[in-house]
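Down below is the structure, laid out as structure tokens.
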Amino acid sequence: KAKKQGRNATQSFSHEITEKLSQRVTLRNDLQEAIDQGQFALHYQPLITRDNEVEGFEALVRWNHPSKGFISPGLFIPIAEETGQIIPLSQWVMERAARDFMSLKHLQLADDCRMAINLSPLQFHRPSFLSTLHQALETTGLAPESLELELTEGILMNDTDSAIDTLHALRGMGVSVAIDDFGTGFSSLSYLRHLPVDKIKIDRSFILDMADNDKDAAVVQGIIALAHHLDLTVVAEGVETCRQREYLTSLECDVFQGYLFARPMPLGELNQWLEAHRLTS
Ligand code: C2E
Ligand code: MG
Ligand code: MG
Ligand code: MG
């Protein structure tokens with residue numbers, strides 16, 4: 001019986017893999033069409049300081065598939081990364097986000113704010129990365145000081161020296177850099193002090209478990225203390241409850257991002273949200 005169960009399990013396992021693979025192949029083909037036909041949209045999620053001021057927005061890409069509906073970036077970004085389709089997609093994200101930011105600026109809804117954009121490893125490691133970025137800033141008119149790039153620890157771990165050179169170049173341009181999903185990589189905390197970055201974003205998984213897991217709470221506390229010693233701004237991702245906010249405030253976490261404050265939203269909604277926020281703060 002055990003043997004039979006084992007075989008069934010293996011069969012359903014390989015069935016699952018085949019399903020996943022064919023789903024990926026389909027998505028890969030659809031992705032090309034999506035890029036050509038402009039099926040993407042950007043949503044923006046505000047980042048809020050401890051003093052309840054809007055510090056900036058994170059641009060998050062959305063794919064509205066003509067037959068499958070909404071597809072999560074968690075699913076298609078890794079595929080686009082594998083196929084290289086992330087390059088044209090990222091270019092679109094950059095230009096769209098910059099234009100939208102400029103429109104907020106004109107309405108005086110983005111004073112002292114930054115637009116944060118997620119960078120893919122492929123993008124960051126391309127030799128043409130800096131010149132492409134320059135070009136995008138020129139054509140959109142976005143000031144480099146208004147741009148923040150989010151990159152993950154993984155990006156910085158391989159070929160660290162050249163990554164550090166690129167970070168210095170970004171800093172020289174006036175662009176700021178945040179380390180995204182901090183704490184999920186395999187890097188040691190001490191490597192942070194060698195990196196010319198401005199900000200770290202503590203991964204949502206730590207924030208989620210903080211209240212009932214002493215170890216996660218200790219990690220969060222440790223990250224904030226270390227980051228402050230290094231003069232880095234700390235953002236908590238995925239803040240959903242008042243309790244999380246209170247605890248993070250007691251640790252002097254600088255900035256919050258999460259559903260408690262606002263969900264990612266299209267530009268029109270962000271406009272209204274910012275108007276309303278301005279009246280209440
Ligand atoms: P990320 O950069 O860590 O973005 C934060 C994710 O957390 C977003 O998921 C956001 O919607 C979600 N989030 C924010 N607050 C909360 C909360 O309070 N609770 C919960 N449960 N979730 C919250 P999203 O939009 O699905 O994006 C997933 C990931 O896809 C992003 O993670 C980022 O790594 C990637 N991504 C999104 N847009 C882009 C893009 O334009 N370019 C690249 N290269 N990657 C992108
Ligand atoms: Mg991010
Ligand atoms: Mg993140
Ligand atoms: Mg994340």
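Whatever order the structure lists them in is the order used to number ligands and atoms, beginning at 1. These numbers come from a predicted model, not from an experiment.
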Is Glu237 close enough to the Mg ion (ligand 2) that one of its N, O or S atoms comes in under 2.8 Å?
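Looking at Glu237, which is the residue asked about, there is no N, O or S atom under 2.8 Å from the Mg ion (ligand 2).
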>> I'd like to know if the Mg ion (ligand 2) has an N/O/S atom from Asp180 within less than 2.8 Å of it, counting both backbone and side-chain atoms.
In response: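 Asp180 does place an N, O or S atom closer than 2.8 Å to the Mg ion (ligand 2).
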- Message: For Ile179 versus Glu153, what's the shortest heavy-atom pair and its separation?
- Response: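 Scanning both residues completely, I find the closest heavy atoms to be CG2-CG, 3.8 Å.
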**OP:** Report the hydrophobic cluster partners of Val235, with the cluster defined as I, L, V, M, F, W, Y residues connected by side-chain heavy atoms closer than 4.5 angstrom, directly or transitively.
**Re:**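 In the cluster with Val235 are Leu47, Val255.
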With respect to [X], determine whether any N or O atom, backbone or side chain, lies less than 3.5 Å from an N or O atom of ligand 1.
{"X": "Ser72", "result": "no"}
{"X": "Glu58", "result": "yes"}
{"X": "Gln45", "result": "yes"}
{"X": "Val61", "result": "yes"}

Could you check whether any heavy atom of [X] sits closer than 4.0 Å to an atom of ligand 1, since that is the contact criterion I want to use?
{"X": "Arg62", "value": "yes"}
{"X": "Lys201", "value": "no"}
{"X": "Ser90", "value": "no"}

Residues Asp30 and His65: side-chain donor-acceptor under 3.5 angstrom: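 A pair is found: one side chain offers a donor N or O, the other an acceptor, under 3.5 Å apart.
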Identify all side-chain donor-acceptor contacts of residues 205-213 below 3.5 Å with residues at least two apart in sequence or on another chain.
{"unit_1": "Ser205", "atom_1": "OG", "unit_2": "Asp203", "atom_2": "OD2", "d": "2.7"}
{"unit_1": "Asn213", "atom_1": "OD1", "unit_2": "Lys215", "atom_2": "N", "d": "2.8"}
{"unit_1": "Asn213", "atom_1": "OD1", "unit_2": "Asp216", "atom_2": "N", "d": "3.3"}
{"unit_1": "Asn213", "atom_1": "ND2", "unit_2": "Asp216", "atom_2": "OD2", "d": "3.2"}

May I ask you to say whether Lys199 pairs ionically with Asp254, meaning some side-chain N is under 4.0 Å from a carboxylate O?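 The answer is no: the pair does not qualify as a salt bridge.
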